[in-house]
Amino acid sequence: MTVPTGRSPDPQSILSLFDPCTGCGERATGVCCCAATTACKTATIALVGNPNTGKTVLFNALTGFRRKVANYPGVTVDIGEAPIRGSRHDLELLDLPGTYSLAAASPDEMVVCNVLSGRVSGRSRPDVILAVVDASNLRRNLYLLSQLLDFGLPVVVALNMLDVARARGLEIDIARLAERLGVRVIPVIATDKRTLPPFIAALDAALAELRPPRPAPLPSVIEQSAAQLAASNGQLSRCESLRVLLDNEGYAEREFLAHGGLAAELAAARRLLETAQIDGTAAEIRARYAWIDNVLEGVVARSQHGRSTWSSRLDRVLTHKLGGFALLLIVLCLVFQSIFYAARPLMGAIEALFELVGAQATQLLPEGVFRSLLVDGVIGGVGSVLVFLPQVMILFALIALLEDCGYMARAAFMVDRLMRGMGLSGLSFIPLLSSFACAVPAIMSTRTIADRRERCVTMLVIPFMSCSARLPVYLVMVGALVPDINYFGGLIGLPALVMLAMYLVGIVVAIPTAWLLRKTAFAGPTSGFLLELPSYKLPRPGTVLQRAYSGGRSFLVRAGSIILVLNLVVWALAYFPHDAAARSVVEQQAQAADWGPERLRAELDAQQLRDSYLGRLGQGIEPVLRPLGWDWRIGVSVLASFPAREMVVATLGTLFNLGESSGGGAESLHQALQSATWIGTDQRLFTLPVALSIMVFFALCAQCGSTLIMIGREMRSIAWPAASFFGMTILAYFAAWGTYAAAQAAGL
Amino acid sequence: MGLVHAPREKALRVTCVRNSGAFGRRLMEMGLIEGAVLAVLRRAPLGDPLHIRLGDYELSLRSREAELIDVSPL
């Protein structure tokens with residue numbers, strides 16, 4: 001087969017993307033180079049490419065808009081959008097999920113096809129496709145490109161990662177590649193800022209003379225059947241009709257039938273293939289690769305063989321039979337150790353700051369409802385949540401680090417066999433691991449799991465993983481109540497071990513839950529595990545810092561809005577009714593019994609809590625809480641944290657600090673918890689069994705509105721998030737009961 | 001010879017891919033078609049999946065799916 005040579009630009013075939021400038025006639029938008037203003041039209045450019053081609057890095061570099069970037073296949077799961085900076089046109093760039101093919105195997109990949117076909121409501125069809133192609137892996141990357149040429153939209157290729165290609169001894173004849181493909185090919189190294197201005201200039205030039213694409217030729221029977229299907233329906237592009245025709249029971253077929261496509265039309269078109277005795281799928285793929293081999297003939301020169309050898313050598317160690325798992329465990333241990341210890345100095349600083357502010361406010365303001373609101377409600381509440389910001393950011397940074405350097409994909413590779421035991425695959429490992437940071441993005445990242453049943457089960461067990469919002473609870477309980485004993489010469493301490501145990505509780509429960517779900521509601525065959533293992537590379541500090549920043553920011557937004565509001569509600573419920581008569585009764589008692597001022601203060605606080613609305617509510621449910629070792633104040637804190645579990649720390653702070661006029665912060669809360677007693681007795685409230693039962697409850701309970709909403713949205717179901725909520729709460733209750741009983745029996 | 005039984009670190013040529021549904025299609029789209037050159041690099045610590053090099057990139061594949069693929073020494 002010969003590839004047609006590139007035609008010289010034919011003015012007739014140039015697509016008019018922009019209106020001609022009223023001044024000089026050049027096609028542009030906004031202010032033209034001749035300074036005359038033209039009719040303003042924004043062109044939308046869709047950024048499409050394989051996973052791991054630096055697509056999102058390029059998006060960030062071109063737009064300056066910061067979004068999630070990682071060296072792991074399929075991290076981009078929703079559509080990012082931002083204007084390109086530095087272009088003389090008004091260009092809007094869409095960042096689409098990475099995909100290997102448009103024969104969608106997951107909802108994520110269907111998004112790409114739908115956007116490019118203009119089938120996403122509220123979003124007009126893009127004007128141009130900017131295909132990101134990895135220069136170090138041209139053959140596989142051109143497969144997707146061959147499908148992109150089917151949409152009829154003009155295509156421009158961004159040939160990325162030329163530095164990697166060069167390091168592997170590959171030299172690419174870019175001019176010849178462009179001529180063979182019939183599209184503009186612009187070289188770029190997305191990670192190297194110096195290559196960006198020439199790239200944008202070349203893109204601007206390319207946009208001024210776009211030509212219709214030349215699709216790769218397919219076997220004539222396939223072309224005929226696809227044309228017949230398109231003609232009978234009248235709405236399908238070449239690409240769509242190919243996908244509906246060739247992907248048996250695929251996402252495209254499902255959407256075609258769901259949107260009024262006729263099964264009879266499809267059957268008729270497929271009959272043409274049957275009559276010709278052609279396996280359409282295999283024939284299409286072979287034809288595309290034959291086209292690719294023709295395109296690449298004489299385009300790539302190899303000066304040395306193979307890929308970076310140090311990545312191979314690293315794999316020999318990091319995925320070693322014994323060493324690999326040992327290293328994985330060490331990596332996980334290090335992650336937890338650094339969360340616990342590395343953040344200490346920063347936390348200390350935040351605590352000190354809030355204590356200072358609280359003390360100042362106490363001195364400046366007269367005693368009364370306003371001071372209590374400000375000091376206990378606002379400063380104390382927000383302060384005791386903010387103090388965990390360093391830990392949250394460290395966790396997000398560490399996960400970003402592991403993803404970006406390529407280790408995360410190896411972790412999935414190593415644990416696939418284990419995950420299969422619970423009916424999942426290594427693909428579920430990344431969402432599950434990310435859910436240690438936050439379940440919400442983790443649930444979104446399950447979109448890369450092709451198998452619907454595996455995906456649903458993964459989503460349902462994700463809330464069992466201890467997310468960063470549970471961390472504050474563990475840290476307070478462990479910090480206040482677990483003795484600081486060190487083992488192995490200070491290598492690991494008892495607090496860190498208890499923390500690790502809490503993380504393990506969720507995992508231990510998730511395994512049988514997933515297995516059970518795969519045997520019952522989501523029974524079905526296991527799907528395959530096809531995962532690209534990208535080369536190791538040094539993580540980019542910018543990417544890691546940006547992920548830490550965005551993780552921290554979303555934590556703060558929660559602390560600043562929903563948590564503050566809830567905290568104020570809880571404060572009000574605890575402060576009102578502020579009964580002067582009841583207080584004077586206590587004061588008379590004090591005079592009669594000759595109590596000192598400290599005793600009087602404590603008695604007044606106890607009376608206030610007992611008689612408040614919150615106290616009455618808590619006392620009402622106390623019988624249910626007794627088996628867990630909890631008093632009503634703990635119960636109230638847990639109740640207050642059902643919308644968002646970070647709330648518990650703030651509520652504990654309010655309940656146990658109320659009236660003490662301290663400014664919040666973990667250390668003072670630690671002391672308050674250590675000295676708290678059952679009301680009216682000298683018996684300590686927070687013993688080790690109580691702390692453990694609280695932690696186990698939080699480890700297993702579904703106390704996060706956002707997660708449940710997200711599960712509902714992704715599963716398109718109300719029943720499943722409801723089942724998840726009630727199931728997890730009941731489980732958490734009985735597990736906490738069991739933990740308390742066992743810990744007491746063990747004499748802890 | 002089935003890919004499952006192929007020796008490690010040897011260059012192999014794919015002779016046959018038995019297409020099986022969506023997964024078989026994805027295998028072929030990723031470049032695992034007749035004539036492609038690959039090498040089995042290693043197995044995961046628990047014996048499965050396989051780590052293979054295919055052309056210019058590397059991927060992992062379970063034994064069960066590797067059974068769909070026949071190879072011959074290059």
Side-chain angles (χ1 to χ4, degrees), chain A residues 52 100-101 103 105 134 136-141 143-144 147 165 168 170 246-250 279 281-282 284-286 288-289 292-293 306-307 311-312 315-316 319-325 328 409-410 412-418 420 425-426 450 526-535, chain B residues 2-4 7-71 73-74:
Chain A
N52 270 308
Y100 294 108
S101 157
D134 174 0
S136 67
N137 189 5
L138 269 179
R139 194 165 182 266
R140 196 199 68 208
N141 275 252
Y143 186 86
L144 178 66
Q147 293 180 321
R168 290 191 199 158
L170 303 173
L246 297 174
D247 305 344
N248 278 312
E249 295 173 21
D279 174 357
T281 303
E284 182 206 5
I285 297 168
R286 284 189 198 113
R288 289 192 192 276
Y289 270 107
I292 291 167
D293 288 338
R307 63 191 243 146
S311 186
S312 269
D315 257 337
R316 220 164 283 164
T319 62
H320 183 264
K321 252 189 175 59
L322 297 170
F325 263 117
L328 182 61
R410 269 68 182 189
F413 170 67
M414 285 191 283
V415 302
D416 177 64
R417 190 71 194 78
L418 291 175
R420 214 180 312 169
S425 80
T526 52
S527 73
F529 177 67
L530 195 60
L531 182 69
E532 184 181 352
L533 300 171
S535 298
Chain B
L3 180 58
V4 197
R8 277 176 45 176
E9 306 271 8
K10 283 272 187 306
L12 306 162
R13 187 178 291 282
V14 177
T15 54
C16 173
V17 181
R18 281 174 292 277
N19 186 4
S20 105
F23 195 82
R25 179 173 65 222
R26 184 44 56 93
L27 276 183
M28 295 177 75
E29 287 173 334
M30 299 276 284
L32 267 165
I33 57 170
E34 292 86 345
V37 175
L38 58 77
V40 178
L41 298 182
R42 61 179 63 78
R43 283 171 174 273
L46 295 173
D48 200 22
L50 288 86
H51 180 169
I52 68 173
R53 181 192 297 133
L54 172 66
D56 288 321
Y57 75 104
E58 294 174 10
L59 79 168
S60 84
L61 192 64
R62 283 182 184 165
S63 303
R64 213 177 56 128
E65 282 93 37
E67 281 174 8
L68 297 172
I69 299 161
D70 284 344
V71 291
L74 199 65

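Lettering follows sequence order; numbering is per chain, from 1. Values below: every heavy atom of this structure, side chains too, minus hydrogens, waters and symmetry copies.
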> Measure distances from B/Glu65 to the heavy atoms of chain A and classify the residue's part below 4.5 Å as side chain, backbone, both or neither.
side chain

> For A/Asn137, is it the side chain, the backbone, both or neither that has a heavy atom under 4.5 Å from a heavy atom of chain B?
both

> If you tally heavy-atom pairs under 4.5 Å against chain B, which of A/Glu249, A/Arg420, A/Lys321, A/Arg316 wins?
A/Arg420

> Can you say whether B/Leu54 sits under 4.5 Å from chain A via the side chain, the backbone, both, or neither, judging by heavy atoms?
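Contact with chain A: none, neither part.
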
> Where on B/Ile33 is there a heavy atom nearer than 4.5 Å to chain A: the side chain, the backbone, both, or neither?
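Contact with chain A involves the side chain of B/Ile33 alone.
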
> What residue in B/Pro49, B/Gly24, B/Ala36 has the most heavy-atom pairs under 4.5 Å with chain A?
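Of the options given, most contacts go to B/Pro49.
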
> Identify which part of A/Phe529 has an atom lying under 4.5 Å from any heavy atom of chain B, answering side chain, backbone, both or neither.
both

> Please classify the contact of A/Asp134 with chain B as side chain, backbone, both or neither, using a heavy-atom distance under 4.5 Å.
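The answer is neither part of A/Asp134.
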
> Identify which part of A/Leu144 has an atom lying under 4.5 Å from any heavy atom of chain B, answering side chain, backbone, both or neither.
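Neither part.
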
> Are the aromatic ring centres of A/Tyr289 and A/Tyr143 under 6.0 angstrom apart?
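Distance test on ring centres: under 6.0 Å, yes.
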
> Has B/Ser60 got a side-chain atom pairing as donor or acceptor with B/His51's backbone, closer than 3.5 angstrom?
no

> Step by step, would you call A/Leu533 with A/Asp315 a side-chain contact (heavy atoms from CB on, under 4.5 Å)?
CA-CA 10 Å; A/Leu533 300 171; A/Asp315 257 337; 5.5 Å; no

> Heavy-atom pairs under 4.5 Å with chain B: which of A/Thr319, A/Leu138, A/Ile285 has the most?
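Most pairs with chain B among the choices: A/Ile285.
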
> So which of A/Ala282, A/Ala103, A/Ser136 has the largest heavy-atom pair count under 4.5 angstrom toward chain B?
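The answer is A/Ala103.
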
> For B/Ile52, is it the side chain, the backbone, both, or neither that has a heavy atom closer than 4.5 Å to a heavy atom of chain A?
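Contact with chain A is absent: no heavy atom of B/Ile52 under 4.5 Å.
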
> With respect to B/Leu38, which candidate in B/Leu12, B/Leu61, B/Leu74 satisfies the side chain to side chain contact (heavy atoms under 4.5 Å, CB included) definition?
B/Leu12

> Counting only non-hydrogen atoms closer than 4.5 Å, does B/Arg64 touch chain A with its backbone (N, CA, C, O), its side chain (CB onward), both, or neither?
side chain

> Does a donor on one side chain and an acceptor on the other come within less than 3.5 Å for A/Ser101 and A/Arg288?
no

> Taking all non-hydrogen atoms of both residues, which atom of B/Ser63 and which atom of B/Arg43 are closest, and how far apart?
OG-NH1, 3.4 Å

> Minimum heavy-atom separation for A/Leu530 to B/Leu27, with atom names?
CD1-CD2, 3.6 Å

> Counting heavy-atom pairs under 4.5 Å with chain A, which one of B/Arg26, B/Glu34, B/Met28 comes out on top?
B/Arg26

> Counting distance only, does the side-chain N/O of B/Arg13 pair as donor-acceptor with the main-chain N or O of B/Val37 below 3.5 Å?
no

> Run the side-chain contact (heavy atoms from CB on, under 4.5 Å) check on A/Tyr100 and B/Glu29 step by step: do they pass?
CA-CA 7 Å; A/Tyr100 294 108; B/Glu29 287 173 334; 5.9 Å; no

> I need the minimum non-hydrogen distance between B/Tyr57 and A/Glu532, along with the two atoms involved.
CD1-CG, 3.9 Å

> When heavy-atom pairs shorter than 4.5 Å are enumerated against chain A, which of B/Gly35, B/Gly47, B/Gly31 gives the highest number?
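Sorted descending by pairs with chain A, the first entry is B/Gly31.
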
